[in-house]
Amino acid sequence: MNAPHPRPTTDSPLFLPSRRSVLGGAAAAALAVTAGAGTAQAAPKSTWPTEFPLPNGWLPEGIAIGRGPYAYTGSRANGAIHRTDLRTGKGKILFPGGTGLISVGLKVSGDGLLYVAGNTGVARVHHARTGELLVTHRLSEASGHFINDVTLLGDRAWFTDSRAAFLYGVPQGGRTGGIRTLPLTGDWVQLPDVNNANGIVGTPDGRGLIVVKSTPGELYRVDPGTGHATKIALVGQDTVLNGDGLWRIGRTLYVVQNRLNLISVWDLDERVTTATLRRTITDPRFDVPTTAARFGERLYLVNARFTTPPTPETTYNAVAVSL
């Protein structure tokens with residue numbers, strides 16, 4: 001296993017971008033949340049592959065795509081990060097990871113930073129082009145917490161904790177300090193010994209957050225100012241059991257239901273109080289997909305293969321489906 005890169009923390013900044021780049025990145029992120037369509041992207045050509053391999057033994061769970069045609073996937077095995085060119089399906093390891101590191105949910109910002117949920121109480125920020133580790137944020141104690149997924153809203157990256165009733169907001173732009181720990185209140189009831197909060201996205205108006213609770217399979221609208229969580233009524237299907245990654249385009253919400261090997265597609269009402277099932281997406285190539293990222297009119301998903309005993313030679317891949 002490769003030795004880890006230097007691990008700066010919020011107490012020892014390694015990278016402080018200019019005021020222009022910080023404000024520019026925050027503005028781009030806010031625009032992306034409001035539009036619900038991500039940053040500007042070209043349309044994939046029909047010749048682009050709809051499936052690409054990941055390294056053997058990779059143990060993927062998160063995927064992120066920015067403005068360029070590159071997909072980033074993280075490894076649960078050692079926290080490594082892989083980048084794939086969507087035009088060719090070929091990729092390389094950007095960050096080799098290291099002992100004790102984990103990479104789960106990921107998001108790419110408009111200013112070229114990669115935000116990574118690190119599971120064991122930490123969140124990391126990497127340079128999306130080089131993979132360089134810029135900042136490690138300590139969000140919680142390592143035990144009793146599972147920092148699982150991340151979204152960008154306004155000037156913060158918001159992380160879920162599947163094992164504790166908190167969200168965590170860290171400053172965008174590679175800045176250190178200023179971490180917000182947001183207790184979930186209102187309709188939220190934390191269940192013991194199971195994964196609760198998982199995938200997270202911004203609301204269509206850019207003022208709130210939508211969080212999926214994997215067990216028992218519920219959606220919540222969360223006020224990032226207060227932490228008050230309001231349960232979203234589901235119409236057309238009782239639950240989103242095994243809900244994992246979320247993706248939103250306008251008022252259409254895509255929920256990856258991992259062990260069910262499907263994506264449920266929901267229409268949100270204007271106030272995000274009700275979600276109505278429109279359709280489901282299945283594909284014979286799904287093998288416990290966990291998270292999704294959009295490029296053009298495709299959703300790309302990683303197959304975590306949770307039902308397959310992992311070995312160093314176990315194969316993994318990502319697949320694309322049409323929107």
Side-chain angles (χ1 to χ4, degrees), residues 28-29 31-52 54 60-73 84-89 105-108 110 149-153 198-206 210 212 219 232 234-237 240 242-258 260-270 272 274-304 317-323:
L31 177 60
V33 169
T34 303
T39 51
Q41 298 173 335
K45 296 181 179 180
S46 60
T47 55
W48 292 15
T50 59
E51 183 175 344
F52 57 81
L54 296 170
E61 189 164 345
I63 184 170
I65 301 174
R67 290 177 296 181
Y70 298 100
Y72 300 84
T73 58
T84 300
D85 188 327
L86 298 178
R87 297 166 295 188
T88 64
L106 308 92
K107 285 294 182 297
V108 184
D149 208 351
V150 56
T151 196
L152 307 179
L153 182 74
N198 198 328
I200 183 171
V201 294
T203 55
D205 63 7
I210 300 171
V212 63
L219 294 172
I232 299 172
L234 302 181
V235 178
Q237 182 173 288
V240 284
N242 298 136
D244 201 325
L246 300 180
W247 193 265
R248 182 186 56 76
I249 302 173
R251 281 164 50 184
T252 301
L253 181 69
Y254 296 81
V255 182
V256 182
Q257 295 181 244
N258 54 37
L260 301 184
N261 285 310
L262 63 83
I263 306 167
S264 52
V265 185
W266 302 82
D267 293 323
L268 301 170
D269 68 343
E270 186 175 358
V272 194
T274 300
T276 302
L277 183 67
R278 182 195 301 178
R279 63 188 178 107
T280 58
I281 300 172
T282 60
D283 192 289
R285 299 170 300 163
F286 286 174
D287 193 351
V288 194
T290 44
T291 55
R294 178 194 184 189
F295 193 86
E297 294 305 308
R298 291 179 179 179
L299 274 184
Y300 289 82
L301 303 96
V302 287
N303 281 317
N317 69 347
V319 299
V321 295
S322 175
L323 291 172

Peer 1: So Val256 and Leu246, side chain to side chain contact (heavy atoms under 4.5 Å, CB included) or not? Walk me through it.
Peer 2: CA-CA 6 Å; Val256 182; Leu246 300 180; over 6 Å; no

Peer 1: Can you list the steps and then say if Leu268 with Ile210 is a side chain to side chain contact (heavy atoms under 4.5 Å, CB included)?
Peer 2: CA-CA 11 Å; Leu268 301 170; Ile210 300 171; 3.8 Å; yes

Peer 1: To the nearest 0.5 angstrom, please state how far the CG atom of Leu86 sits from the CZ atom of Phe52.
Peer 2: 6.0 Å

Peer 1: Could you tell me whether the side chain of Arg67 and the main chain of Gly110 form a donor-acceptor pair under 3.5 Å?
Peer 2: yes

Peer 1: So how far is it from Asp283 CG to Thr50 OG1, rounded to the nearest 0.5 Å?
Peer 2: 8.0 Å

Peer 1: Please answer whether the main-chain N or O of Val235 pairs with a side-chain N or O of Thr276 as donor and acceptor at a distance below 3.5 Å.
Peer 2: no

Peer 1: Write down the atom of Val108, the atom of Leu152, and the distance for their closest heavy-atom approach.
Peer 2: O-CD1, 3.7 Å

Peer 1: Run the side chain to side chain contact (heavy atoms under 4.5 Å, CB included) check on Ile63 and Leu301 step by step: do they pass?
Peer 2: CA-CA 7 Å; Ile63 184 170; Leu301 303 96; 5.9 Å; no

Peer 1: So which heavy atom on Gly245 is nearest to which on Asp149, and how close?
Peer 2: CA-OD2, 4.3 Å

Peer 1: Specify the closest pair of heavy atoms between Pro44 and Glu297, including all atoms of both residues, with the distance to one decimal.
Peer 2: CD-N, 4.0 Å

Peer 1: Considering all heavy atoms of both residues, which atom of Lys45 and which atom of Arg298 are nearest to each other, and what is their separation?
Peer 2: O-NH2, 3.4 Å

Peer 1: Sequence neighbours excluded, which residues qualify as side chain to side chain donor-acceptor pair (under 3.5 Å) partners of Tyr70?
Peer 2: Arg87

Peer 1: Quick one: does any side-chain atom of Arg294 pair with a main-chain N or O of Gly296 as donor and acceptor, under 3.5 Å?
Peer 2: yes

Peer 1: Can you give me the closest heavy-atom contact between Asn261 and Thr282, atom names plus distance?
Peer 2: O-CG2, 4.0 Å

Peer 1: How far apart are the C-alpha atoms of Asn303 and Asn317, what are their side-chain angles, what is the distance that settles it, and do they pass the side-chain hydrogen bond (donor to acceptor under 3.5 Å, both in side chains) test?
Peer 2: CA-CA 6 Å; Asn303 281 317; Asn317 69 347; 3.0 Å; yes

Peer 1: Roughly how far, to the nearest 0.5 Å, is OG1 of Thr290 from CG of Asp244?
Peer 2: 5.5 Å

Peer 1: Nearest 0.5 Å, please: how far is OG1 in Thr73 from CG in Leu54?
Peer 2: 4.5 Å

Peer 1: I need the minimum non-hydrogen distance between Gly202 and Thr151, along with the two atoms involved.
Peer 2: N-OG1, 4.0 Å

Peer 1: Roughly how far, to the nearest 0.5 Å, is CD of Gln257 from OG1 of Thr280?
Peer 2: 9.0 Å

Peer 1: Are Leu262 and Phe286 close enough, and set up right, to give a side chain to side chain contact (heavy atoms under 4.5 Å, CB included), and what steps lead you there?
Peer 2: CA-CA 8 Å; Leu262 63 83; Phe286 286 174; 5.5 Å; no

Peer 1: Rounded to the nearest 0.5 Å, what separation is found between the CH2 atom of Trp247 and the CG atom of Leu253?
Peer 2: 11.5 Å

